[in-house]
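Input: a single structure, listed below in structure tokens.
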Amino acid sequence: MPTEIITEPEITTEIIRKHGLNQAEFQRIRELLDRDPSFTELGIFSAMWNEHCSYKSSKIWLKTLPVDGPQVICGPGENAGIVDIGDGQCVVFKMESHNHPSYIEPFQGAATGIGGILRDVFTMGARPVAAMNALSFGEPSHPKTKQLVNGVVEGIGSYGNCFGVPNVGGEMRFHKSYNGNCLVNAFAAGIANTSEIFYSAASGIGMPVVYLGAKTGRDGVGGATMASAEFDDTIEEKRPTVQVGDPFTEKRLMEATLELMQTGAVISIQDMGAAGLTCSAVEMGDKGGLGVVLDLEKVPCREENMTAYEMMLSESQERMLMVLHPHKEAEAKAVFDKWDLDFAIIGETIAEDHFLIRLNGEIKADLPLKALSGEAPEYDRPWVETPTPEPYTGSPDIDIADALLKLIGSPNHASKAWIWSQYDHMVLADTVIRPGSDAGVIRVHGTEKLLAFTSDVNPRYCFANPEMGGKQAVAEAYRNQCATGARPLATTDNLNFGNPERPEIMGQLVGCIKGIGAACKALDMPIVSGNVSLYNETDGAGIHPTPTIGAVGILDNIDQLIRMVPDWGDDIILLGKTGGHLGQSALLADVLGLEIGDAPNVDLILERAAGEVVRHLHSLNLITAAHDLSDGGIALGVADMCLMGKCGAVLQNHSGLAPVNWYFGEDQGRYLLACSPEKTADILTLVATAEIDVLKIGQFGGAVLMMDQNAVRLDDLKKAHDTGLTNVAV
């Protein structure tokens, strides 16, 4: 069949705008080329210079984050970060967003988000062992929310379950700021030997560039550019830019890739994610200081008459790009033939600084490769600091028991079992702590070590006070790790914000990064990987700033593990100072409908000290259970432990604070500890010497949660907790 001759469109001002480039950027491209770009070349520049790939609005601030430490093997810049866990092993992990695709096409958007983050991990030689998701949706009453929730959850479960990775944790929230733009942040972690890590930098001149995996189609063309644009009333036109995933192909791709890595054939390897062939080839060449030539007629395609533009910008899933040792070609191809996957040599590395694209003998693009990444715009955008809100000093006149039932029965704080019960959290048979606790925990197979995973952020805090909100997101991740007995190792971030061209939004980004950086440094949790997702807006209305922090911690053995489950008769110990802070609290927002006041203060010195004390107390066999305090304060924290232990509790307020402030205040740096009564005195004495506030506030037992004279039956608590989410999601 003869090849159809397709004429490339003329480049107009409107075409430039649709590619996410402004006139100054287009002029810079003309200067670099000393000519006008072709349509394919414009598409390539658009992909490499968009926000999603170049970080042009955030790079100047991302450089301020702490990324080093003795535990760090590989920091930001690769497919994922790598941290040493001893014994010649490392954990490879990253978090990324698939926000825009998930709003347009919930099932496929979420599914391919999982597929992409898993490829980031096994591309580096690690077998994935855990996944998490951080999800943000609009108000439950919004007409699209139920469809989005069901589609996203089904997409995550379908892909992850078929691939075979346990989903061990995460978070979910509802807020009106996400009505037009949900957030789907996907995390994955894998285990590798430190001597068998693979990187993306190409090396060697004249080395074969090999296409691996599934065939290329037109799905996802322009996806990276779409991810860097606001939504408007043309949203449905963007549906073809959403990729379609196949988890069974991805499973075969992983097995083939890991097997291939054992042959010694791989010089470098890169996942084809955002911007597909373009980004993967450019990144490999740029990191290795080489040029790349691609012959597109050799690319395996599943559709006829695909143009160079379409092939270069397709984001079809389950694909990789590799630079191969030439004498290993036959051995490498045999591996992929065995797994029934495409293996095609589509180009080679060259010494010259060229990114040369040919199709059927015709040159479709001839670009300076370094300029595609090294010359990408880097903006120091104007920003204004978010004004510090007036503190909230009130004390609402409400019934304490009724408030707790409403809070724990709200979609934001009710059980998320409806979600995680759809995920396979036990596959691979190494899960120790399932979803629903402070952190998910898995065994490192074949060793005594365990890894703990958590993700955290409070968008209300970040909106009110970005710098303090950024600190708090890291601090809460630290507390969740310590409450599980884990020593925090490192973090990954997913920075979700609105339009950075608006100074007030850029100010939110700057403030949050400042707070995150200060907390990561103080708590020794460097950022080793991450993602920035900007332009999360619809019709000019932005989301709440949502800088999700994913944290990884390590336990030497299962004896270090702390669970959330108290024993009947255990005393309840409060660790940390309580001042009754209600500004931006869950009580105000989810019970009273008020988002007022400032975020709570985060004292990073006390945060670190308190976490170390919790782990030390457990090492002395003094505590039965622990739980960090965050949303909902003491009331919600104790209720969580009561539900875990299937027992009530009796609490007393001896603070002098009004009951509502004492029970629902969200002061930071606090933990609830459960211990047998004969150990209480030892705990109080030991903690006092560390100069951390400590107080016995009650005892677990019975069938009622008593807060002074306010009683909530455990059965009522459980019913509210069990049905709060299903009432809006099912």
*For the pair T349 and V323, evaluate side chain to side chain contact (heavy atoms under 4.5 Å, CB included) and give the outcome as yes or no after the intermediate values.*
CA-CA 8 Å; T349 59; V323 176; 4.2 Å; yes
Ignoring hydrogens, what is the shortest heavy-atom contact between [X] and [Y]? Give both atom names and the distance.
X: P166; Y: V427; value: N-CG1, 3.3 Å
X: S280; Y: M272; value: OG-CG, 3.5 Å
X: P247; Y: S158; value: CG-O, 4.3 Å
X: E537; Y: I505; value: OE2-CG1, 4.0 Å
X: Q317; Y: A214; value: O-CB, 3.7 Å
X: N531; Y: H52; value: ND2-CE1, 4.1 Å

*Applying side chain to side chain contact (heavy atoms under 4.5 Å, CB included), run through L277 and L296 and close with a yes or a no.*
CA-CA 10 Å; L277 261 175; L296 297 187; 4.3 Å; yes
Return yes if a side-chain donor-acceptor contact under 3.5 Å exists between [X] and [Y], otherwise no.
X: D271; Y: T123; value: no
X: S136; Y: T546; value: no
X: N193; Y: Q89; value: no
X: S200; Y: K287; value: yes
X: N99; Y: S533; value: yes
X: E283; Y: S373; value: no

Is the closest side-chain heavy-atom distance between [X] and [Y] below 4.5 Å?
X: Q508; Y: C462; answer: no
X: I44; Y: W49; answer: no
X: L725; Y: F174; answer: yes
X: L324; Y: F343; answer: yes
X: L212; Y: L260; answer: yes
X: N480; Y: D456; answer: yes
X: D295; Y: K298; answer: yes
X: F137; Y: L183; answer: no

*salt bridge (charged side-chain N to carboxylate O under 4.0 Å, His left out) contacts in which one or both residues fall within residues 121-136, not counting sequence neighbours*: R127-E255
Could [X] and [Y] be called an ion pair, given the rule that one side-chain N must be under 4.0 Å from one carboxylate O?
X: K215; Y: E303; value: no
X: D219; Y: R302; value: yes
X: K56; Y: E25; value: yes

*Go through the steps to decide whether V457 and E171 satisfy the test side chain to side chain contact (heavy atoms under 4.5 Å, CB included), and finish with yes or no.*
CA-CA 9 Å; V457 67; E171 58 179 346; 3.8 Å; yes
*List the steps, then state whether side chain to side chain contact (heavy atoms under 4.5 Å, CB included) holds for I527 with T492.*
CA-CA 5 Å; I527 296 275; T492 180; over 6 Å; no
Measure the [atom1]-[atom2] distance between [X] and [Y] for me, rounded to the nearest 0.5 Å.
X: S316; Y: R218; atom1: OG; atom2: CZ; value: 10.5 Å
X: E41; Y: L367; atom1: CD; atom2: CG; value: 4.5 Å
X: T491; Y: M525; atom1: OG1; atom2: CE; value: 5.5 Å
X: K416; Y: L135; atom1: NZ; atom2: CG; value: 10.5 Å
X: S455; Y: N494; atom1: OG; atom2: CG; value: 10.0 Å
X: L359; Y: M306; atom1: CG; atom2: CE; value: 10.5 Å

[X] side-chain N/O to [Y] backbone N/O, donor-acceptor pair under 3.5 Å:
X: H175; Y: R173; value: no
X: T257; Y: L253; value: yes
X: K370; Y: D286; value: yes
X: T431; Y: I433; value: no
X: S46; Y: L42; value: no
X: S529; Y: F93; value: yes

_What verdict does the side chain to side chain donor-acceptor pair (under 3.5 Å) test give for Y535 and E501, after you've listed the backbone C-alpha separation in whole Å, the side-chain angles of each residue and the deciding distance to 0.1 Å?_
CA-CA 9 Å; Y535 296 95; E501 297 169 47; 2.4 Å; yes
*List for me each residue that meets side-chain hydrogen bond (donor to acceptor under 3.5 Å, both in side chains) alongside S58, sequence neighbours excluded, and say none if there are none.*
none
*Can you list the steps and then say if E78 with K94 is a salt bridge (Lys or Arg N to Asp or Glu O under 4.0 Å)?*
CA-CA 10 Å; E78 275 290 343; K94 188 181 183 182; over 6 Å; no
*Would you say the ring centroid of Y159 lies under 6.0 angstrom from that of H98?*
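Not close enough - the centres of the two rings lie 6.0 Å or further apart.
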*Taking the six-membered ring for Trp, is the centroid-to-centroid distance between F39 and Y309 below 6.0 Å?*
yes
*Does NZ or CZ of K144 lie under 6.0 Å from the centre of the six-membered ring of Y103, at an angle within 45° of the ring axis?*
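Checked: cation-pi criterion met.
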*Residues forming a salt bridge (charged side-chain N to carboxylate O under 4.0 Å, His left out) with E250, sequence neighbours excluded*: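 R119.
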_Test log, rule side chain to side chain donor-acceptor pair (under 3.5 Å), inputs N133 and N167_ = CA-CA 8 Å; N133 297 99; N167 197 314; 2.8 Å; yes
_Residue K59 excluded, over 12 heavy atoms near NZ under 6.0 Å_ = yes
*CA sep, side-chain torsions, deciding dist, call: E378, K63, salt bridge (Lys or Arg N to Asp or Glu O under 4.0 Å)*: CA-CA 12 Å; E378 185 173 319; K63 292 175 182 177; 3.3 Å; yes
